[in-house]
Amino acid sequence: MVEHLLASRMSRMKASEIRELLKLLDQPGIISFAGGIPDPDLFPADAFAEATAQALNAENRAHALQYSISEGHPPLRRWITQHMAELGVRCRPEQVLITSGSQQALDYLGKLFLSQNDTALVEWPTYMGALAAFNAYEPNFEQLNLQGNRAAGDYAKAAAEAGGRVKFAYLSSDFANPTGETLDLAGRERLLDLAEELDCPIIDDAAYQALRYDGEPVPPLLALEQARKGDLDACRVIHCGSFSKTLSPGVRMGWVVAAQPIISKMVLLKQASDLHTPTLNQVVICDVAERHFDSHVTMLRKVYARRRDRMLAALERHMPAGITWTRPEGGMFIWVTLPVHLNGDALLAEAVDSAKVAFVPGQAFFADGSGDNTIRLSFSCAKEDQAEEGIRRLGELLRAHV
């Protein structure tokens, strides 16, 4: 092998635990709460078929099958500016970059900002895909805790002692993966203040932002900062959006809205990486978004809200004492905290084998490897009585350990 030739960054890169876990779930009878994926039965397949046929007709096929500009399909970027305006963000098309899923945006942002031994501030727990994307650039991770009183100077000192500086704060401010929690308005204002003191960007991963089922919407971080500063080019928040949880993950379509100088640097990375996101996919999803986004998301909210409510009710009925869980206002996830003597990895093996239930152990979502007594449940694909039966089985298994 060529192990001795590999770059040092490869020692920090690991297979996605969720992707590996999904390979094990083809057994018959398994009720899976593991994959944080949209229900494929809810995809607007007819709309995609119609849009694809339109894109490939004699009039449009030459454009749809050709190379395109790195920034992205102009009509799609214009649609995103309108969508962002509805969220309170005033942006221009040149402040928008189309990416191959929001995961690509995270990789580009890690490459753009992180040098070896720099510090990324992340929540404990946080999205494991972000940890994987940033890990390639060999940073240190520090816990971003907006409920405490840790001062900016303390973050800066710790980063300097580790051999670098704080380069950004990363979070999902709405219905975070894995916890389902939402950062309140006061927390968002504190984060903006912290970023100003540290002179660093904020990466807001808004993959689930459209999937709110109840509660009052909170303005996006970028909208709040723009209200402070006026000009988006003066803002440090980088907003990462995605169609994966609303229209389709298979077309791999995400976007970044940020100050134009940041977008320009990301365009250079795009040109060096894959030149541009596939033109055909951009043309098709632009058509689907223009015609169906609002009505489709309205339907998703109703369906997923019912599934969330069923799972929460089942947890109330079947979980033994000493186990707690979050109550998300949107998204796809419920975060469960077990007694400290239980281990999520060990519990998963037993759950799949004896109870025929799957979930994601929580430890992989912690940058420091802690959190082994936590698990993530996804309700997005838990149809009809699956939530009730799966949670009943899981509760029965846990009762034997508590």
Side-chain angles (χ1 to χ4, degrees), residues 17-39 41 124-125 127-128 175-182 208 211 213-215 302-366 369-402:
E17 293 200 15
I18 295 178
R19 295 288 174 264
E20 295 301 309
L21 174 61
L22 293 177
K23 297 176 185 177
L24 306 176
L25 301 183
D26 292 332
Q27 306 173 42
I30 291 284
I31 296 177
S32 177
F33 304 134
I37 58 176
D39 183 347
D41 290 343
W124 254 233
Y127 171 47
M128 69 169 69
F175 326 124
N177 181 2
T179 64
E181 294 180 332
T182 295
Y208 303 91
L211 298 180
Y213 314 134
D214 48 43
K302 293 176 181 177
V303 174
Y304 289 153
R306 288 196 300 269
R307 294 178 182 180
R308 176 205 59 180
D309 292 345
R310 282 201 299 265
M311 184 172 284
L312 288 172
L315 287 165
E316 291 284 358
R317 280 191 291 271
H318 299 298
M319 284 297 113
I323 294 172
T324 60
W325 53 89
T326 57
R327 299 177 182 276
E329 295 180 335
M332 295 182 173
F333 307 110
I334 295 171
W335 184 247
V336 179
T337 302
L338 309 172
V340 292
H341 68 278
L342 291 182
N343 180 283
D345 285 312
L347 184 69
L348 174 64
E350 187 177 355
V352 170
D353 182 56
S354 64
K356 302 300 181 184
V357 176
F359 51 80
V360 177
Q363 191 170 11
F365 298 97
F366 288 82
S370 60
D372 58 2
N373 67 317
T374 58
I375 64 175
R376 190 195 74 178
L377 304 175
S378 174
F379 53 80
S380 55
C381 293
K383 300 176 184 177
E384 299 176 356
D385 296 329
Q386 284 186 326
E388 179 71 23
E389 175 60 18
I391 297 301
R392 184 195 66 77
R393 295 182 194 177
L394 184 58
E396 188 175 275
L397 176 64
L398 285 167
R399 199 168 286 110
H401 289 280
V402 175

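We count residues from 1, following the sequence as given. Computed over heavy atoms, backbone and side chain alike; hydrogens, waters and symmetry mates excluded.
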**Student:** Using the side chain to side chain contact (heavy atoms under 4.5 Å, CB included) definition, which of the options Ile391, Val336, Ile334, Val360 pairs with Phe33?
**Tutor:**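 That would be Ile391.
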**Student:** Before giving the answer on side chain to side chain contact (heavy atoms under 4.5 Å, CB included), spell out for Leu338 and His401 the whole-Å C-alpha distance, their side-chain angles and the decisive distance to 0.1 Å.
**Tutor:** CA-CA 10 Å; Leu338 309 172; His401 289 280; over 6 Å; no
**Student:** Nearest 0.5 Å please: distance from the CD atom of Glu396 over to the CE atom of Met319.
**Tutor:**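 Reported to 0.5 Å precision, the distance equals 10.5 Å.
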**Student:** Parallel under 30°, tilted from 30 to 60°, perpendicular over 60°: which one fits the rings of Trp335 and Phe366?
**Tutor:**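 Rings of Trp335 and Phe366: tilted, as their planes differ by 30° to 60°.
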**Student:** Apply side chain to side chain donor-acceptor pair (under 3.5 Å) to Ser354 and list each qualifying residue two or more places apart in sequence or on a separate chain.
**Tutor:**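 Per chain and number, Ser354 pairs via side chain to side chain donor-acceptor pair (under 3.5 Å) with no residue.
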**Student:** Does Arg310 reach the side chain of Phe379, with side-chain heavy atoms less than 4.5 Å apart?
**Tutor:**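 The answer is no, as the side chains (C-beta and beyond) never meet within the 4.5 Å cut-off.
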**Student:** Please answer whether the main-chain N or O of Pro38 pairs with a side-chain N or O of Ser380 as donor and acceptor at a distance below 3.5 Å.
**Tutor:**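 Judged by distance alone, no pair lies under 3.5 Å.
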**Student:** Are Glu389 and Arg392 ion-paired here, with the side-chain N under 4.0 Å from a carboxylate O?
**Tutor:**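 Counted as a salt bridge, because a side-chain N and a carboxylate O are separated by less than 4.0 Å.
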**Student:** Atom CD1 in Ile37, atom OG in Ser378: separation rounded to 0.5 Å?
**Tutor:**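 If we round to the nearest 0.5 Å, Ile37:CD1 and Ser378:OG are 7.5 Å apart.
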**Student:** For Arg327, is there an ion pair with Glu316 - N to carboxylate O distance below 4.0 angstrom?
**Tutor:**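 Yes, this pair counts.
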**Student:** To the nearest 0.5 Å, what is the distance between CD1 on Ile375 and CD1 on Ile323?
**Tutor:**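 Answer for the CD1-CD1 pair, Ile375 versus Ile323, is 8.0 Å.
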**Student:** Is there a side-chain contact between Leu347 and Leu398, using heavy atoms and a 4.5 Å cut-off?
**Tutor:**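 In contact.
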**Student:** Rounded to the nearest 0.5 Å, what's the gap from OH on Tyr127 to CZ on Phe333? Could you check?
**Tutor:**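 Those atoms lie 9.0 Å apart.
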**Student:** How long is the gap from CZ on Arg317 to CG on Leu312, to the nearest 0.5 Å?
**Tutor:**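 Rounded to the nearest 0.5 Å, the CZ-CG separation comes to 10.5 Å.
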**Student:** Just so I know, are the side chains of Phe359 and Leu348 near enough to count as touching, which here means a heavy-atom distance under 4.5 Å?
**Tutor:**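 In contact.
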